[in-house]
Amino acid sequence: MSGRYNFRESETKWQQLWEDRGVFRAVADKARPKYYVLEMFPYPSGRIHMGHVRNYTLGDVVARHRRALGFNVLHPMGWDAFGLPAENAARDQKIHPAKWTYDNIATMRGELKRMGLSLDWTREIATCHPGYYAQQQALFLDFFAAGLVHRKEAFVNWDPVDQTVLANEQVIDGKGWRSGAPVEKKKLSQWFFKITDYADDLLGALSTLTRWPEKVRLMQDNWIGKSSGAFVRWPLVGREDKVEVFTTRPDTLYGASFVALSPDHRLTAELAAKDPNLAAFVAKCQSMGTSAVAIEQQEKLGYDTGLKAKHPLVPGLEVPVWVANFVLMDYGTGAIFGCPGHDQRDHDFASKYGLAIKCVVAAPDGALDVTKEPYVGPGTIVNSDFLDGLDVETAKTKVGARLKELGAGEPTTVWRLRDWLVSRQRYWGCPIPVVHCGSCGVVPVPKDQLPVKLPDDVNFDKPGNPLDHHPTWKHVACPSCGKPARRETDTFDTFVDSSWYFARFCSPRSDKPVDADAVDYWMGVDQYVGGVEHAILHLLYSRFFTRAMRKTGHVKLDEPFAGLFTQGMVCHESYKSADGKWLYPEEIERKAEDLVIETATGKPVTVGRREVMSKSKKNVVAPARIIDEYGADTARLFMLSDSPPERDLEWSEAGVDGAFRFIQRMWRDVAEPAVPFAAKDAAKPAALAPAVDAAWRQIHKTIAAVSENLEGFRFNVAVAQVRSLANALGELDPNAAGADWVRRQGYETLVKLVGPMVPHLGEELWAALGHTTLLCQEPWPKADPALLVDETITLAVQVNGKLRGTIEAKRDAGENDVRDAALAIPTVQAAMAGKPLRKLIVVKNKIVNIVV
RNA sequence: GCCCCCUUGAUGGAAUUGGUAGACAUACAAGACUUAAAAUCUUGAGCCUUCCAGGCGUGCCGGUUCGAGUCCGGCAGGGGGCACCA
């Protein structure tokens, strides 16, 4: 009976040794190629969850592999430490947000350390630390000076529960992303970053991000939402001014039958001032707001203002001007022309209010009645004067040119992307470093007065912003004129904090936002790893920030993340007790395939479908428990096995057991072999038995395959190949010629290959093999190309495309060499049934196909 | 509604990118060891027909090809993103 691998003892021992020797400390060295591996830093919510374990395991495999390949690796960790939950905890549990946050960080740091990640902890940062946010404020001042920041009155999304403003992207189905409360519209003065200045660049550069998932690039493309079209100005009858509309279909201009304004349009407001009915209509539109139900089922509503607009190309044609609830103020110009014949919404609207419906595009495949249904496809322009007979695309260009000639409009491009609203009326965030002065206006806080620190003595009893309630904090002297002034009490959206932390890691203690030498050496991030849920916002904001930092002279590059990998989520079944309460997986017992009971009561449990682990459904497994029971290496190996990393992973106890068994087995095979291996530096024996030679070749094939699969993020395949090698080595007859030497080679290789995946076991086995060096500092094994190709190859023999047998042939054997052997196989002859050979196809080293 | 992706044994998945489908694991079954259990080891298995052997098989229908899980067209189911974006 063999002993057992004591993972508890081993894991602590190696973690301690790595730390004592500082082996993962990153030191810039221009003589060496660098590799920056980064995983998305966690929010310190209290404990790490399985999503973190998966994320950080993936990143750590990359980091350790790259280190072994000779790169100077930067692999840091920090905390996305500002945010609302800390304030909620302060209110609910009477703990100061800072204490709550730093306590959580301490707990989670401990948990991460137990995972054995090869992190440089000396670079740890927390965004809530003044050392970090002071530099963020400095960046803001630079952006402000460079014209990348502006303040404007805007309708904002107001969350009545959290008492704060939300960015558009934080409103999901008309509800606040955290509180879930219906969002209201409110007009407030707010801070914005001019991300729209870079819309074209952010879109265009997506094509250069070749190591990003296609899916993420597409999502960003859609989010930026470039659309080409034209502005068209419609003179108003009886007035001097014009209504400017945006359209992507200028080719349908002759089909226009009305102009519609947004309820929030300037002209609407002006008309409503004199028309109480219109004012009531506008109020109704605004109150319908953005609730989920309203958006989904909102009926098209309109109000005829009585005004007429003159068609810019058709003399004498006048169309009515309506106000319509489906026209958005913040897209295009907040006004449209309606062409009901060729747009679904306009069609719905025109049908409801009895407006004209004209056909100006003829469908290629015949007549279609546009009064019943709009036609939106390509076709030939009709009833449109000089455009008649043209196709849609040509007509667009031609109308654009004509409008420009007449001064009635011009071709243009509009974007879905809006400027980034960054102010939040919250305490636990980075203060926006400006002062409002009665005489000087908005005054930036001078850099030598940074950081603008958050006050410690705050009170969360009142709703709203504690900074605003604070008795003294906001009262300061104007930095410009010295008169009494008021500090800005808004803090930054926490997405600002995470938009540059990757750059800060290069020089985390610098008294500038970034140290030029450090950032030039380490940036960009060679491999970024994180959840696909950040595919749009965080990544887009970071791309913008990097451009803004370039404009303000902090960095020399545009794109922060050269390589991106988005991992799948960790899923688990959910369980509901007989009385409808969610149960944790450890509160249930599986009695049979289809019988699950609650351990405490013995009553049956309803098993829900597999879905993402979430606290609310209690379908979570605590990483700490798994590490206690099985060890960090088991947790890591399980995360890497079976499921491709980009797909969702089903958590299963059986899978964990499987990983644990493999770890135990490797330990037995290497640390307690029944028959000893050859000595560490023994020379290759002159003769290898055939099976031994095959194993020798397999070792090298496995090196090649695992290397390739690690680079391609196919970690599940790499694990499978390692297991195959372990199987092959285990099956070797230890007494065969050369077996002891090949087993030594094989297990040394095996240990090196699994090192990045199960680093503690790796070190333990490396030592057991007689080495005094650290495995994590050993170079990656090299495959001998000569051993990757076999001398004899098994060829498949097909008859008419169906497999009928196999033959052994020398490598690169040609048709003449294999022909007779293939035709001689009895099953092949049977399949040919005496029919004459028509054609013989030989694909070298692969297949022979006999066509009869 | 628009855009994108996916679909392979009981389960997770593999398949050198058009060349022996099901590697590797999980679950299962049988056996060995054990007083017993755990652990470990051995063996089995895509489905169908009784065996030798053969037939069928990568969501469904069709196509290209000597040869299709892989390429093309259509359909169905599942997932994701955006959503009154003019």
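Reminder, nothing fancy here: chain letters follow the sequence lines and each chain counts from 1. Any value given below was found using the heavy atoms of this structure, including those in side chains, with hydrogens, waters and symmetry copies removed.
- Atom-to-atom, CD1 of A/Ile224 to C1' of B/C82 comes out at 14 Å; the value is rounded to the nearest Å.
- Taking 4.0 angstrom as the limit, A/Arg668 places none of its side-chain polar atoms (N or O) nearer than this to OP1 or OP2 of B/A39.
- The same atom, P, is picked in B/U20 and in B/A39; the two are 38 Å apart, to the nearest Å.
- Judged by distance alone, the side chain of A/Tyr254 and the main-chain N or O of A/Val360 form no donor-acceptor pair under 3.5 Å.
- Looking at heavy atoms from C-beta onward, A/Leu564 lies in side-chain contact with A/Pro213 at the 4.5 angstrom threshold.
- In this structure, A/Arg8 does not pair ionically with A/Glu629, as no charged nitrogen and carboxylate oxygen lie closer than 4.0 Å.
- Among B/A86, B/U20, B/A14, the nucleotide with an atom closest to any side-chain atom of A/Ile336 is B/A86.
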Only distances under 3.5 Å count here; give the side-chain donor-acceptor pairs of residues 715-724 of chain A to other protein atoms, sequence neighbours excluded, each with its distance to 0.1 Å.
from: A/Asn716; atom 1: ND2; to: A/Asp642; atom 2: O; distance (Å): 3.2
from: A/Gln721; atom 1: OE1; to: A/Asn709; atom 2: ND2; distance (Å): 2.8
from: A/Ser724; atom 1: OG; to: A/Ala720; atom 2: O; distance (Å): 3.2

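- Remark: the separation of the P atoms in B/G77 and B/G31 is 46 Å, to the nearest Å.
- As judged by a 4.0 angstrom heavy-atom cut-off over every strand, A/Val327 is placed among the base-contacting residues.
- A/Ser641 comes within 4.0 angstrom of no nucleic acid atom, judged by non-hydrogen atoms across all strands.
- B/C84 and B/C5 have their C1' atoms separated by 26 Å, with the value rounded to a whole Å.
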Between the protein and nucleotides 3-10 of chain B, list every N/O to N/O distance that falls short of 3.5 Å.
none

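- The distance from atom CE of A/Met666 to atom P of B/C24 is 16 Å, rounded to the nearest whole Å.
- The partner of B/G67, taking Watson-Crick or G-U wobble pairs whose two distances both stay under 3.5 Å, does not exist in any strand shown.
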What are the atom names and distances for every N/O pair under 3.5 Å that joins the protein to nucleotides 50-58 of chain B?
from: B/G55; atom 1: OP2; to: A/Arg804; atom 2: NH1; distance (Å): 3.4
from: B/C56; atom 1: OP2; to: A/Lys802; atom 2: NZ; distance (Å): 3.4

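- When the P atom of B/U16 is taken as reference, atom CD1 of A/Ile793 falls 16 Å away, rounded to whole Å.
- With a 6.0 Å cutoff to the six-membered ring centre and a 45° limit on the axis angle, A/Lys300 does not count as a cation-pi contact of A/Phe349.
- The CD1 atom of A/Ile663 sits 16 Å away from the P atom of B/A39 (whole-angstrom rounding).
- Across residues 719-732 of chain A, A/Ala720, A/Arg723, A/Ser724, A/Asn727 each have a non-hydrogen atom less than 4.0 Å from an atom of RNA chain B (numbered order).
- Using a cutoff of 4.0 Å between basic side-chain nitrogens and carboxylate oxygens, A/Arg418 and A/Asp330 are scored as salt-bridged.
- Figure legend. B/U7 is base-paired to B/A76; pairs are counted as Watson-Crick or G-U wobble with both atom distances under 3.5 Å.
- Backbone-only engagement by A/Gly658 is indicated by non-hydrogen atom pairs under 4.0 Å involving sugar-phosphate atoms exclusively.
- Within the shown strands, B/C24 is the pairing partner of B/G12 under the Watson-Crick or G-U definition, both distances less than 3.5 Å.
- With a glycosidic angle more than 90° from 0, B/G80 adopts the anti conformation.
- Residue A/Asn716 places at least one side-chain N or O closer than 4.0 Å to OP1 or OP2 of B/A14.
- Rounded to whole Å, the separation between the C1' atoms of B/G46 and B/U8 comes to 10 Å.
- With respect to the salt-bridge test (charged N to carboxylate O, under 4.0 angstrom), the residues A/Asp790 and A/Lys701 qualify.
- On the P atoms, B/G69 is 14 Å away from B/U7, given to the nearest whole Å.
- Side-chain contact between A/Leu202 and A/Asp200 is absent, with no heavy-atom pair separated by less than 4.5 Å.
- Between A/Phe337 and A/Trp234, the two ring planes are tilted [angle within 30° to 60°].
- Checking A/Lys846 against A/Val414, the closest nucleotide of RNA chain B that is more toward the 5' end is the one next to A/Lys846.
- Remark: the separation of the P atoms in B/U17 and B/C2 is 37 Å, to the nearest Å.
- Heavy atoms of other residues, nucleotides or ligands lying less than 6.0 angstrom from CD of A/Gln829 number more than 12.
- A/Phe565 and A/Trp212 have their aromatic ring centers separated by at least 6.0 angstrom.
- Looking at heavy-atom distances under 4.0 Å, A/Thr794 makes contact with a base.
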Close N or O pairs between protein and nucleotides 63-69 of chain B (under 3.5 Å):
from: B/C66; atom 1: O2'; to: A/Asn849; atom 2: ND2; distance (Å): 3.2
from: B/C66; atom 1: O2; to: A/Asn849; atom 2: ND2; distance (Å): 2.4

Step by step, would you call A/Glu808 with A/Thr794 a side chain to side chain donor-acceptor pair (under 3.5 Å)?
CA-CA 5 Å; A/Glu808 297 291 315; A/Thr794 309; 3.0 Å; yes

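- If you look at A/Tyr331 and A/Trp415, their ring centroids are not closer than 6.0 Å.
- Here B/A38 sits opposite no nucleotide as a Watson-Crick or G-U wobble pair (both hydrogen-bonding atom distances under 3.5 Å).
- Across the protein-nucleic acid pair, A/Phe662 atom CZ and B/U40 atom C1' stand 16 Å apart, rounded to whole Å.
- Across all strands shown, B/G54 pairs with B/C48; the Watson-Crick or G-U wobble distances both stay below 3.5 Å.
- Separating the C1' atom of B/A10 from that of B/C33 is a span of 29 Å, rounded to the nearest Å.
- Side-chain atoms of A/Ala796 lie closest to B/U20 of the nucleotides B/U26, B/A86, B/U20.
- Taking only side-chain nitrogens and oxygens, A/Arg714 never comes nearer than 4.0 Å to OP1 or OP2 of B/G13.
- Both distances falling under 3.5 Å, in either a Watson-Crick or a G-U wobble arrangement, place B/C82 opposite B/G1.
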Test A/Asn727 against A/Glu731 for side chain to side chain donor-acceptor pair (under 3.5 Å), laying out the working first.
CA-CA 6 Å; A/Asn727 290 346; A/Glu731 283 159 17; 5.5 Å; no

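- As rounded to whole Å, 8 Å separates atom C1' of B/A83 from atom CZ of A/Arg416.
- If you look at A/Trp667 and A/Phe7, their ring centroids are not closer than 6.0 Å.
- Taking the salt bridge (charged side-chain N to carboxylate O under 4.0 Å, His left out) definition, one finds that A/Lys372 meets it with A/Asp369, sequence neighbours left out.
- The 12-atom threshold is exceeded at NZ of A/Lys352, counting heavy atoms of other residues, nucleotides or ligands nearer than 6.0 Å.
- Computed from coordinates, the A/Leu640 CG to B/U26 P distance equals 16 Å when rounded to whole Å.
- A distance of about 7 Å separates the C1' atoms of B/A14 and B/C24, rounded to the whole Å.
- Atom CG in A/Asp221 sits about 14 Å away from atom P in B/C82, given to the nearest Å.
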